[in-house]
S.K.: 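Below you'll find the structure I mean.
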Amino acid sequence: MKVIIPLAGKGTRLRPHTHTTPKPMLKIAGKPVMAYILEELERLGDVEQIVYITGHLKEKVEEYTRKTFDIPAVFIEQSVQDGTAGAVALAREYVDQPVLIIFVDTIFDADLSVIKDSTDDGIIWVKEVEDYQRFGVVVTDTNGHMTKIIEKPSTPISKSANIGLYYIRNWKLLFKGIDHTLKQPTNKGEYYLTDAFQYMIDKGAKIRVIDVEGWYDAGKLDTLLDTNRVMLEKGHGRTVPCPKGSEIREPVHIEENVTLTNSVIGPNVSLGAGSVVEGSTLRDSIIGTKAQIRGSTLTNSVLGDEVIVEGMTGELTAGDHSEIRVT
């Protein structure tokens, strides 16, 4: 099996952090978002090659994945941001067998081993949501196969949201569908991979729909924090001996060489390596490496690496190397 991972986007909803860090490398519970997916692929096995479709800060993505994971990989730059169908089309020359396509701005709980016994033309994983109008939703027949996929419907035709995880066994028909899609007018300047799936269905393909147990968005600052909380609650935390005069309220993820003085950390805090926290209270926050926080009370905050904060109370978003002092 081959795997295609499109990650060329600029992550505009996660600025300022994505000015310096690729969106899939922002950390949740001390680990880049994409690491959760890649570790799942390692457990799955049978992955012959990963094709990364890169763009924004591509060198950082390539350096991290080559250093951290042993799965053979190739990197292709998507120089023109023309949508998800355009991204997957770039992987064509490397796909000669069934393919798993994963968009890595979410973390999911899904049993990928089902693909080993699948005889359908493909599988699309979904999650039932109440705010269906924000997503592409999937409509199924009585046998659990997709009949159509609709982007951001105005009527509640379905609440099964497309989460960006697909297995395509009939890869030849997939690329025929992509070719067809790329010849059509764009939709708001983009070509959608979901239109290629609709082409497959219209040609008689059977794409099974499977619900995931969990789906955690990491594409916006508020959902990044919520997903950090969920991952900590699921056991991805790491604690350290609590120094006298401070308090650690789990779940937390505290990395190495952190200095705590007269502070309260947690719950739901990820604190990067080498950080210094003095006379402060942190909760429901993600703090980068080598941050310095003094005399502050922060909640629902996301700080980048080497940020300095002094005398701040409230919620704060600050990119790498920022300095905030309240006097």
Side-chain angles (χ1 to χ4, degrees), residues 5-37 52-65 77-79 81 103-107 134 164 216-232 252-255 258 265 268-278 280-327:
I5 300 182
L7 33 68
K10 294 182 179 180
T12 55
R13 295 184 300 169
L14 287 163
R15 288 174 178 169
H17 304 286
T18 46
H19 285 309
T20 54
T21 303
K23 179 171 66 170
M25 288 183 60
L26 292 176
K27 287 186 176 181
I28 286 177
K31 190 161 55 178
V33 172
M34 66 186 300
Y36 289 91
I37 285 88
Y52 294 94
I53 309 300
T54 62
H56 181 58
L57 300 173
K58 63 183 189 300
E59 297 85 1
K60 291 187 176 182
V61 171
E62 182 168 353
E63 179 185 8
Y64 169 73
T65 52
E77 182 178 4
Q78 186 181 14
S79 56
Q81 301 291 311
F103 290 83
V104 291
D105 53 359
T106 62
I107 299 171
R134 286 183 52 218
Y216 315 108
D217 185 15
K220 299 187 300 178
L221 287 171
D222 56 342
T223 58
L224 191 77
L225 287 168
D226 193 48
T227 297
N228 181 67
R229 174 187 59 78
V230 171
M231 291 299 107
L232 291 174
V252 295
H253 185 100
I254 301 176
E255 298 184 26
V258 167
I265 307 298
N268 310 319
V269 170
S270 293
L271 188 54
S275 292
V276 175
V277 184
E278 298 178 356
S280 297
T281 298
L282 308 178
R283 64 172 298 155
D284 300 300
S285 296
I286 299 172
I287 312 297
T289 61
K290 298 181 180 179
Q292 299 178 43
I293 303 172
R294 296 181 174 89
S296 298
T297 299
L298 299 180
T299 60
N300 300 319
S301 297
V302 181
L303 308 187
D305 296 339
E306 300 184 44
V307 171
I308 298 174
V309 178
E310 296 179 359
M312 170 74 189
T313 297
E315 301 181 3
L316 178 63
T317 297
D320 293 353
H321 310 292
S322 298
E323 297 187 16
I324 297 96
R325 294 181 172 90
V326 180
T327 59

S.K.: Kindly indicate, with the supporting measurements, whether the criterion side-chain contact (heavy atoms from CB on, under 4.5 Å) is fulfilled by Arg325 and Ile308.
M.R.: CA-CA 8 Å; Arg325 294 181 172 90; Ile308 298 174; 3.8 Å; yes
S.K.: Tell me, with the steps shown, if Met34 and Ile37 meet side-chain contact (heavy atoms from CB on, under 4.5 Å).
M.R.: CA-CA 5 Å; Met34 66 186 300; Ile37 285 88; 5.6 Å; no
S.K.: Side chain of Ser280, backbone of Thr297: donor and acceptor closer than 3.5 Å?
M.R.: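 A pair under 3.5 Å: no.
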S.K.: Less than 4.5 Å apart, side chain to side chain, heavy atoms only: is that true for Met25 and Val61?
M.R.: yes
S.K.: Measuring only between side-chain heavy atoms, which start at C-beta, is Glu62 closer than 4.5 Å to Tyr52?
M.R.: no
S.K.: Nearest heavy-atom pair of Pro16 and Ala318: which atoms, and what distance?
M.R.: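 In this case the closest contact between Pro16 and Ala318 is CG-C, 4.3 Å.
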S.K.: Donor-acceptor pair, distance only, cut-off 3.5 Å: does the side chain of Ser275 make one with the backbone of Gly288?
M.R.: yes
S.K.: Where is the tightest heavy-atom contact between Arg15 and Leu221, given as atom of each residue plus distance?
M.R.: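 So the two residues come closest at O-CD1, 4.1 Å.
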S.K.: From Glu310 CD over to Ile293 CD1, what is the distance, rounded to the nearest 0.5 angstrom?
M.R.: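 It comes to 11.0 Å.
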S.K.: I need the minimum non-hydrogen distance between Val33 and Thr106, along with the two atoms involved.
M.R.: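 Closest approach of Val33 to Thr106: CG1-O, 4.2 Å.
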S.K.: If you compare all heavy atoms of Ala29 against all heavy atoms of Asn228, which two are closest, and at what distance to 0.1 Å?
M.R.: N-OD1, 2.8 Å
S.K.: Nearest 0.5 Å please: distance from the NE2 atom of His17 over to the NE2 atom of His19.
M.R.: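 Reported value, rounded in 0.5 Å steps: 10.0 Å.
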S.K.: Could you pull out the closest heavy-atom pair between Val307 and Gly319, with the gap in Å?
M.R.: CG2-O, 3.2 Å
S.K.: State which residue, out of Asp226, Val230, Leu224, Leu225, fulfils the side chain to side chain contact (heavy atoms under 4.5 Å, CB included) condition with Ile28.
M.R.: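 Filter result, single survivor: Leu224.
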S.K.: Can you tell me how far CD of Glu306 sits from CD of Glu323, rounded to the nearest 0.5 angstrom?
M.R.: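 Glu323 CD to Glu306 CD: 10.5 Å, rounded to 0.5 Å.
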S.K.: Decide salt bridge (Lys or Arg N to Asp or Glu O under 4.0 Å) for Arg294 and Glu278; before the verdict, give the C-alpha distance in whole Å, the side-chain angles of both, and the deciding distance to 0.1 Å.
M.R.: CA-CA 5 Å; Arg294 296 181 174 89; Glu278 298 178 356; 3.1 Å; yes
S.K.: Would you please test Met231 and Ile107 for side-chain contact (heavy atoms from CB on, under 4.5 Å) and show each step?
M.R.: CA-CA 9 Å; Met231 291 299 107; Ile107 299 171; 4.2 Å; yes
S.K.: In Å, rounded to the nearest 0.5 Å, how long is the span from NZ of Lys60 to OG1 of Thr21?
M.R.: 5.0 Å
S.K.: Determine, stepwise, if the pair Leu303 / Leu298 fulfils side-chain contact (heavy atoms from CB on, under 4.5 Å).
M.R.: CA-CA 10 Å; Leu303 308 187; Leu298 299 180; 4.0 Å; yes
S.K.: Which residue in the set Asp305, Leu57, Asp320 passes side chain to side chain contact (heavy atoms under 4.5 Å, CB included) when paired with Thr20?
M.R.: Asp320
S.K.: Looking only at the side chains, is there a donor atom on one of Asp284 and Thr299 sitting less than 3.5 Å from an acceptor on the other?
M.R.: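 No.
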S.K.: Nearest 0.5 Å please: distance from the OG atom of Ser296 over to the CG atom of Leu282.
M.R.: 8.0 Å
S.K.: Taking everything shown except Lys290 itself, do over 12 heavy atoms lie less than 6.0 Å from its NZ?
M.R.: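 Atom NZ in Lys290 is not packed in, count stays at 12 or less.
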S.K.: Let me confirm one number: the CD-OG1 distance from Glu255 to Thr289, rounded to the nearest 0.5 Å.
M.R.: 8.0 Å
